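Take a look at the structure below.
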Amino acid sequence: MSAANSNIRDYPGFRLLTLVFFLWLYLPIAVVIYYSFNDNRLVSVWTGFSTKWYASALENAALMSALRVSLTVAVIATIFATAIALVSALVLTRAQGLKFRRVSETVVNLPLLLPEIVLAVAVLILFSQIGLQNGMVRLVLAHTAFCTPFAFMPIRARLQGMPMDFEEAARDLYAAPLTVFRRVTLPMIMPGLFAGAMTAFVISMDDFITSNMLNSGGATTLPVYIFSLIRQGTTPELNAVSTLLIAASLVLATIVIVLNARAMRREG
Amino acid sequence: MSKAFRFWGLVPAWALMLLTLIVPILIVAAVSVAERGAYGGFTWGFDLTSYRQILFTEGWTDELEFDPAYLIIIGRTLAYAAGATLISLLLALPVSYFISLQSARMKLILVYLVTLPFWVSMIVRVYAWLIILGNDGLAERAFRLFGGWDVPGFLFTPGAMLTGMVYSYIPLMILPVYASVEKLDPALIEASHDLYGSRWTAMRRVILPLASPGLMAGSILVFVPCLGTVLEPMLLGGGKQLMMGTLIQNQFGGARNWPFGSAIAMLLLAMVIGVLILNARRALARQTEVAP
């Protein structure tokens with residue numbers, strides 16, 4: 001393409017605007033990380049470099065217990081959501097002449113379509129009506145529901161993207177259905193399955209609205225606890241916790257995005 | 001695929017969604033017409049008091065007085081959601097277009113950079129803006145330094161809330177807009193130039209119409225979660241400026257009026273479903289238009 005052509009397509013100011021946009025996008029993250037190393041008790045007055053707030057965050061028992069709740073709920077909800085998403089995706093992409101395919105697909109994706117606050121209120125009323133008191137069970141059930149579509153999408157994309165030839169070849173060689181799944185389908189959709197599980201895990205770890213609505217003694221998740229800390233006022237310790245969360249999210253996100261990009265490149 | 005698996009494979013998903021979503025929403029609908037009990041509970045029945053309460057309050061002698069307080073909250077919710085959507089749209093178009101002009105490798109990197117902050121916990125992202133916009137925060141100091149004047153404070157203003165909402169949801173706008181702008185044939189822009197169209201004519205007559213499916217999809221993806229947003233009004237708006245999400249939350253927290261909270265939740269649900277249906281009908285009309 002000649003220089004003159006690309007010139008027509010360039011718009012004055014778009015480059016600058018994009019640059020400013022990306023600075024704005026990363027400014028909040030940078031600010032939290034920067035202030036987490038601040039020696040001063042006051043969040044916005046910089047007096048020197050220190051890692052003491054990380055130490056004090058890790059010694060905070062309430063914080064650690066909230067982290068434990070979050071991790072437990074996220075791991076269990078991820079396992080359930082991924083298993084449910086996997087069997088649904090297998091049926092929805094592989095069964096021929098399936099009845100209610102559109103409806104079933106909508107049902108699996110339902111949590112994505114509706115506002116979370118409504119779903120949170122709905123499960124709260126349900127649990128109180130059936131007398132389900134156990135905070136952890138309530139969290140796991142609700143989290144499994146809204147994590148399922150996030151696990152479903154990458155798995156379905158992977159199943160749709162891969163040719164059926166391999167599975168047919170295995171069947172022609174008299175492999176039992178379970179063997180076909182275990183030896184052919186599962187290894188081939190592994191990146192999608194992994195990406196789906198990671199996404200579900202991150203979504204569960206990050207959730208605030210539902211977890212806050214279901215918050216009860218002994219079942220306070222990390223975001224809900226962080227919210228209560230914010231209400232008490234900003235502290236450097238809060239910045240240290242936030243920085244650790246940011247680091248964890250960015251690492252997990254990078255893995256998922258790279259996996260998805262690779263899967264797409266192989267298809268294309 | 002065996003017949004049994006075709007059936008049993010979908011059972012867990014249906015069971016999960018029926019149990020935790022469909023049935024509970026039906027219960028919310030039932031609670032919204034239940035009667036409010038004396039101590040924050042409710043008794044089953046059919047009573048439209050909660051819906052009437054959205055528009056009217058009961059006076060001393062049981063007469064109904066029109067009270068716009070809740071209508072204002074609903075209007076505010078719509079206005080903020082529309083505002084955040086519009087700002088996202090105005091930012092997303094030039095940014096997506098600029099990204100689409102880059103090399104294949106650069107495109108990948110920039111799209112990755114757009115999605116990355118979206119993975120950071122929502123509470124952390126809102127908290128970060130609380131620090132920046134807060135007392136003696138970065139924003140105030142930047143104004144003092146470059147503008148030379150003291151600002152009365154950014155926190156708890158409409159601007160703070162809009163900033164938080166746009167920041168939370170803008171990747172959902174950029175991704176579909178980028179997807180449609182990226183497919184744009186450069187020859188069309190050249191053709192418009194050859195016909196003596198200026199850059200801005202090309203933008204208005206070529207790029208915008210071709211990007212409109214992405215703009216529409218992105219607008220829905222931003223508008224719908226903004227309607228039910230909770231964290232931004234609570235933390236950046238200071239909790240005084242109620243939105244529908246926070247109003248619902250209050251009814252199930254401190255205020256303890258479950259029937260009224262359920263009625264507002266049903267209203268929010270109806271609004272979201274309305275938007276989705278309008279969008280589906282528009283997409284359908286477009287399809288039949290394109291294929292004669």
Side-chain angles (χ1 to χ4, degrees), chain A residues 5 8-9 11 14-15 17-18 21-22 25-26 28-29 31-32 35 43-44 84 87-88 90-91 94-95 98 104 107-108 110-111 113-119 121-126 129 141-142 144-145 148 177 202 206 208-209 213 223 226-227 230 234 242 245-246 249-250 253 257 261, chain B residues 1-2 5-6 9-10 12-14 16-17 20-21 23-25 27-28 31 91 94-95 97-98 101 108 112-113 115-117 119-125 127-132 134 136-138 186 189-190 193 199 224 227-228 230-231 235 245 248-249 252 261-262 265 268-269 272 276:
Chain A
N5 277 350
I8 304 163
R9 294 169 62 201
Y11 282 79
F14 276 23
R15 175 184 295 274
L17 186 76
T18 307
F21 169 76
F22 275 104
L25 203 58
Y26 283 89
I29 294 171
V31 165
V32 170
Y35 281 129
V43 168
S44 53
I84 292 169
V87 286
S88 318
L90 277 172
V91 176
R94 290 292 186 263
L98 188 72
S104 298
V107 163
V108 174
L110 212 51
L113 300 172
L114 307 175
E116 198 193 336
I117 183 77
V118 175
L119 305 183
V121 164
V123 287
L124 174 73
I125 297 181
L126 173 84
Q129 284 301 304
L141 271 172
T144 302
T148 297
V202 173
D206 286 357
F208 172 76
I209 294 179
M213 194 64 89
I226 290 178
F227 178 75
I230 295 173
T234 55
S242 302
L245 267 179
I246 290 172
S249 313
L250 295 191
I257 293 168
Chain B
M1 185 170 285
S2 73
F5 186 69
R6 283 170 55 145
L10 286 176
W14 272 96
L16 176 72
M17 296 308 168
T20 62
L21 236 136
V23 169
I25 286 178
I27 299 179
V28 175
V31 173
L91 270 170
V95 169
Y97 182 75
F98 182 79
L101 295 183
L108 250 156
Y112 163 73
L113 286 177
T115 44
L116 198 56
W119 287 77
V120 173
S121 182
M122 179 80 96
I123 185 105
V124 171
R125 282 183 286 161
Y127 167 67
W129 279 107
L130 197 72
I131 304 181
I132 294 174
D136 206 28
L138 212 61
I189 298 170
E190 278 153 33
H193 186 74
R199 279 200 180 84
V224 166
L227 282 180
V230 166
L231 273 175
L235 292 176
I248 295 170
Q249 180 137 308
F252 286 89
S262 299
L268 178 61
L269 190 65
V272 167
L276 295 179

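Every heavy atom of this structure was used, including side-chain atoms; hydrogens, water molecules and symmetry mates were not. Bear in mind that the values here come from a model prediction, so they are computed numbers and not experimental data. We name chains A, B, ... by the order of the sequence lines, and we start the count at 1 in each one.
- Distance OH/Y11(A) to CG/L101(B): 9.5 Å, rounded to 0.5 Å.
- Proximity to chain B is limited to the side chain of T148(A), based on heavy atoms less than 4.5 angstrom apart.
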Apply side-chain contact (heavy atoms from CB on, under 4.5 Å) to the pair L126(A) and T20(B), showing each step before the final yes or no. CA-CA 8 Å; L126(A) 173 84; T20(B) 62; 5.6 Å; no

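- For a residue to count as touching a neighbouring chain, one of its non-hydrogen atoms must lie under 4.5 Å from one of that chain's; by this rule I257(A) touches chain B with the side chain only.
- In terms of heavy atoms, F227(A) sits closest to I123(B) at CB-CD1, 3.6 Å.
- The contact between V108(A) and chain B is made by backbone and side chain atoms together, counting heavy-atom distances below 4.5 Å.
- Among residues two or more places apart in sequence or in another chain, the side-chain contact (heavy atoms from CB on, under 4.5 Å) test is passed with T18(A) by F22(A), V95(B), F98(B).
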Go through I226(A) and Y127(B) one step at a time and tell me if the side-chain contact (heavy atoms from CB on, under 4.5 Å) criterion holds. CA-CA 9 Å; I226(A) 290 178; Y127(B) 167 67; 5.7 Å; no

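- Proximity of P111(A) to M17(B): side-chain heavy atoms (C-beta onward) are separated by under 4.5 Å at one or more points.
- Heavy-atom minimum distance, L16(B) versus A145(A): CD2-CA, 3.7 Å.
- Of the two parts of P223(A), the backbone and the side chain both hold a non-hydrogen atom closer than 4.5 Å to a non-hydrogen atom of chain B.
- In this structure, chain A has a heavy atom under 4.5 Å from the side chain of I27(B), while its backbone stays farther away.
- Expressed to the nearest 0.5 Å, how far CD1 of I248(B) lies from CE of M213(A) amounts to 7.5 Å.
- Atom-to-atom distance recorded for S242(A):OG and R125(B):CZ is 12.5 Å, nearest 0.5 angstrom.
- Here P28(A) pairs with A128(B), W129(B), I132(B), Y167(B) under the side-chain contact (heavy atoms from CB on, under 4.5 Å) rule; sequence neighbours left out.
- Taking both residues in full, the closest heavy atoms of L113(A) and V224(B) are given as O-CG1, 4.2 Å, listed atom of the first, atom of the second, then distance.
- Ranked by heavy-atom pairs under 4.5 Å with chain B, the first of I125(A), V32(A), T144(A) is I125(A).
- Of the atoms belonging to F14(A), heavy atoms from both backbone and side chain fall under 4.5 Å from chain B.
- Closest approach of Q249(B) to I117(A), counting heavy atoms only: OE1-CD1, 3.8 Å.
- Contact annotation for L245(A): only side-chain heavy atoms (C-beta onward) come within less than 4.5 Å of a heavy atom of chain B.
- Only the side chain of L276(B) has a heavy atom closer than 4.5 Å to any heavy atom of chain A.
- When all heavy atoms of I209(A) and G228(B) are compared, the pair lying nearest together is CD1-O, 4.4 Å.
- Looking at every heavy atom in both residues, V87(A) comes nearest to G9(B) through CG2-O, 3.3 Å.
- Here S88(A) contributes atom OG and L10(B) contributes atom CG; the two are 5.5 Å apart, rounded to the nearest 0.5 Å.
- Counting heavy-atom pairs under 4.5 Å between each of V31(A), V121(A), L110(A) and chain B puts V121(A) at the top.
- Here the side chain of Y26(A) pairs a donor or acceptor atom with the backbone of L113(B) at under 3.5 angstrom.
- Considering only heavy atoms from C-beta on, L269(B) comes within 4.5 Å of L114(A) through its side chain.
- With chain A as partner, the option from A265(B), S262(B), G134(B), P94(B) having the largest number of non-hydrogen pairs under 4.5 angstrom is P94(B).
- Looking at V120(B), both its backbone and its side chain come within 4.5 Å of chain A, counting heavy atoms on both sides.
- Only the side chain of L119(A) comes within less than 4.5 Å of a heavy atom in chain B; its backbone stays farther off.
- Here the CD1 atom belonging to I246(A) is positioned 9.0 Å from the OG atom belonging to S121(B), to the nearest 0.5 angstrom.
- The most heavy-atom pairs under 4.5 Å with chain A, out of L116(B), L130(B), I189(B), L227(B), come from L116(B).
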